[in-house]
Structure formats: structure tokens, C-alpha cells
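Every value quoted in this text rests on a predicted model; they were computed, and no experiment measured them.
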Amino acid sequence: MAIREWVRWVLHVDLDQFIAAVEVARRPELRGKPVVVGGTGDPTERAVVATASYEAREFGIQSGMPLRTAAKRCPEAIFLATDAPAYQEVSDRVMATLREFPVVVEVLGWDEAFLGATTDDPEALAADIRRVVAEETGLSCSVGVGDNKLRAKLATGFAKPAGIFRLVQENWWDVMAEKPTDALWGIGAKTTKKLTEAGYRTVLELAGADPADLASRFGPKLGPWYRILAGGIGDAEVTATPYVARSRSRETTFQQNLTDPGAMAAEVVVLAKRVSQDVAEEGRPAARVAVKVRFAPFLTHTHSVTLPAPTADPAEIEKAALAVLDLFDLGRPVRLLGVRAEFPSTAARSASP
């Protein structure tokens, strides 16, 4: 008789095309059609794509793309307004379903969660999860199986759509060695460009980099951390603590470009007041304030400042937002402004300008 070896695994559950799937579930006649969700659902207005169905993605439509561009790429697409309360309600049902399994559930957002599980067959567990989520909610999900969070998260990308994939130490190099560095969770396009310029094009090359060289180029913490990521090393602890927002933000896309700095400042004040209300409702002080400016036609920059001390005082948040706005060259037309308050636990992760 074979002896079972019970091992601790990390599973990453990611709902497939979540927002679009929720909309299709509410409107079955949309199934199989190119669906784009974003803004008020009017592609003639300025707004960006929140999500697109797989059928829409075949036309090159991606999240963050202007709705007008999406409409040009797929004139027959069906555009829908975002409905956050509906997505939250469905998400809550999915997470409740996951908690019915003998696992620890760590919610990451509306459409994804890490699961900590002790089992001798993680793929069988993943298959059960996919089946039950589909039965209980009507939604499809993909599951990444890993020996830590990093590998589980990346595995889900290989599992999509509607599949299961295992990525662990044993097959890490076979799968990841020749991938570009932006295949790693935590490395974006800008960093990838800088890494490529430094001679690190692939995950394998980054894993073999000199830590001192990386530290000199990217800083004493970030540089060596990139090398650790390339080795697939990450946190394996899954905690059942409730999902806690890292920040609260508000933004406005203007149907007509703003050209007057005074009008921009007035809009930032309005956004800062709304963010301050969100911070008060959250019951946690803000540690950092950021302002996002999207210049016409579609160039986005962000600057931020750390507050002298964490605060929920609307006047302090407004003052900081206006100070950050002054860091921008406002000589160009502006199509979007945003204000974000970051909470203390995430202030150190703030994106650089």
C-alpha cells in the first residue's frame, strides 16, 4: 500500500474574465460576443476598459485601453457600464464558496485569492474548487499550484483560461528560464526595460546577476530583490486575515481637456475631499498621498509625497495633494486627474514618479 505524503501547498484561484463574466451571467444573450466593460458604457466618452471578454480580447482590446480605441478595434463590441456593487456581491459569494473547502483563504481582491492547503493531490483539490465554484456561482476560474505565493500566482497565468497548472522549484527553470523578466510578478514594463539595458533580458540571466550590480542600479533593496524573484523564491504563508485595502483613490476623466492650472487645482481639491471621506470610512490614517495626471493624448504620470505623520485630516490630505500637483509641468492639456491616499502598511510600496 502506497504511503501518502501530505504537503503544504499554495493555490492561487483567479476568476476568468471576472467582470465580463458577471455581466454575461446577468445577460446570457451576450455569451460568445465581444463585451467591453468600462466607464458609463459609452465608448464616445473618455474612459478606459475595466475588462474585456475573451472574444473582445481577440481584437487586441486590453484593460486600461481608452474605450474609443476599443471601439475602433472592434466596432461591433457591446459596451457596458461598470457596476462595482454587483461585482462585490458576486466576489463575496465566490470567497464564501472557497471557505467551504479545508483551506486557508487569503483574499487578494474581487477576483483572486491564495489558498493554503495540506493535501497529497493539489491538482485534484484544484479541480474540485473549479467544479464547485462553477456550480455555486456559474463562474469559471483558473488555479495555479505552487510551493509559494510567487510560483502559485505565476502558475495561474499558464493555467488560463479555465485550467490548472503547477509551478514549483522542480520545474521552475524549465518553465521560466527563457521568459522575459516582466513575466515575473512584481516587475513591470519600465523595470524590464531598465533590466534589458543592463544586460538582463531573461529570468535566468537576472537570477545569475551580481547582487552588487543590481543594488547599484536599482537600489540596495530593490536590486537584490529582483534577483530573488528570478529564482522563484517567495513567501509561502497564507493567512486568513480579511482583505484590507492598500489605498483609497478617486479619479475623474474629463470629456474636454483641462488647460487651466487653476481648474486642475480645483478638481484636485474635489478629489482630495472625496478621498478624505473614503479614508475616514476606512478608519485608518493615510501615510502618503499621490496624484495621477494623464496628459493628452494618453500619457500618464504619478507623483507622491509621504505625509509628516499618518493622518485622516481632510485639510492635510488636500494640502498634500495640491503640493504634489505642483510637481507636475502643467503646460500640456490634461484629460484625467486622480488622487490616492495610501495607508501606512503600503506606503513603502508606493510607485516611483
Answer whether the closest heavy-atom distance between the side chains of [X] and [Y] falls below 4.5 Å.
| X | Y | result |
| --- | --- | --- |
| Val145 | Leu167 | no |
| Phe114 | His12 | yes |
| Leu115 | Val13 | yes |
| Asn148 | Asp235 | no |
| Leu271 | Glu318 | no |
| Leu325 | Leu330 | yes |
| Leu322 | Val324 | no |
| Met95 | Leu98 | yes |

Any side-chain donor near an acceptor of the partner, [X] and [Y], under 3.5 Å:
| X | Y | value |
| --- | --- | --- |
| Arg294 | Thr300 | yes |
| Thr40 | Glu45 | yes |
| Asp16 | Ser142 | yes |
| Thr44 | Asp42 | yes |
| Thr137 | Arg93 | no |

Interatomic distance, CG@Leu15 vs OG@Ser91, rounded to 0.5 Å, equals 7.5 Å
Could you walk me through whether Arg284 and Glu282 satisfy the salt bridge (charged side-chain N to carboxylate O under 4.0 Å, His left out) test, starting with their C-alpha distance in whole Å, then the side-chain angles of each, then the deciding distance to 0.1 Å, before giving a yes or no?
CA-CA 6 Å; Arg284 290 185 290 158; Glu282 188 73 24; 3.1 Å; yes
Write down the atom of [X], the atom of [Y], and the distance for their closest heavy-atom approach.
| X | Y | result |
| --- | --- | --- |
| Leu206 | Arg227 | O-CG, 3.7 Å |
| Glu251 | Gly338 | CB-CA, 3.6 Å |
| Leu154 | Ala183 | CD2-O, 3.1 Å |
| Gly144 | Ala155 | CA-CB, 3.6 Å |

Has Gln256 got more than 12 heavy atoms of other residues, nucleotides or ligands less than 6.0 Å from its CD?
no
Flag yes if more than 12 heavy atoms outside Lys194 fall under 6.0 Å of its NZ atom; otherwise flag no.
no
My understanding is that only residues two or more places apart in sequence, or in another chain, count here; which of them pass side-chain hydrogen bond (donor to acceptor under 3.5 Å, both in side chains) with Tyr226?
none
Salt-bridge present ([X], [Y]; N to O < 4.0 Å):
| X | Y | answer |
| --- | --- | --- |
| Arg8 | Asp147 | no |
| Glu55 | Lys33 | no |
| Lys319 | Glu316 | no |

Using the six-membered ring of Phe59, assess whether NZ or CZ of Arg73 lies under 6.0 Å from its centre and within 45 degrees of the ring axis.
no
According to the interplanar angle, ranging from 0 to 90°, do the rings of Phe18 and Tyr87 count as parallel (below 30°), tilted (30 to 60°) or perpendicular (above 60°)?
perpendicular
Which of Arg340, Glu342, Arg288 passes side-chain hydrogen bond (donor to acceptor under 3.5 Å, both in side chains) with Ser304? Answer is Arg288
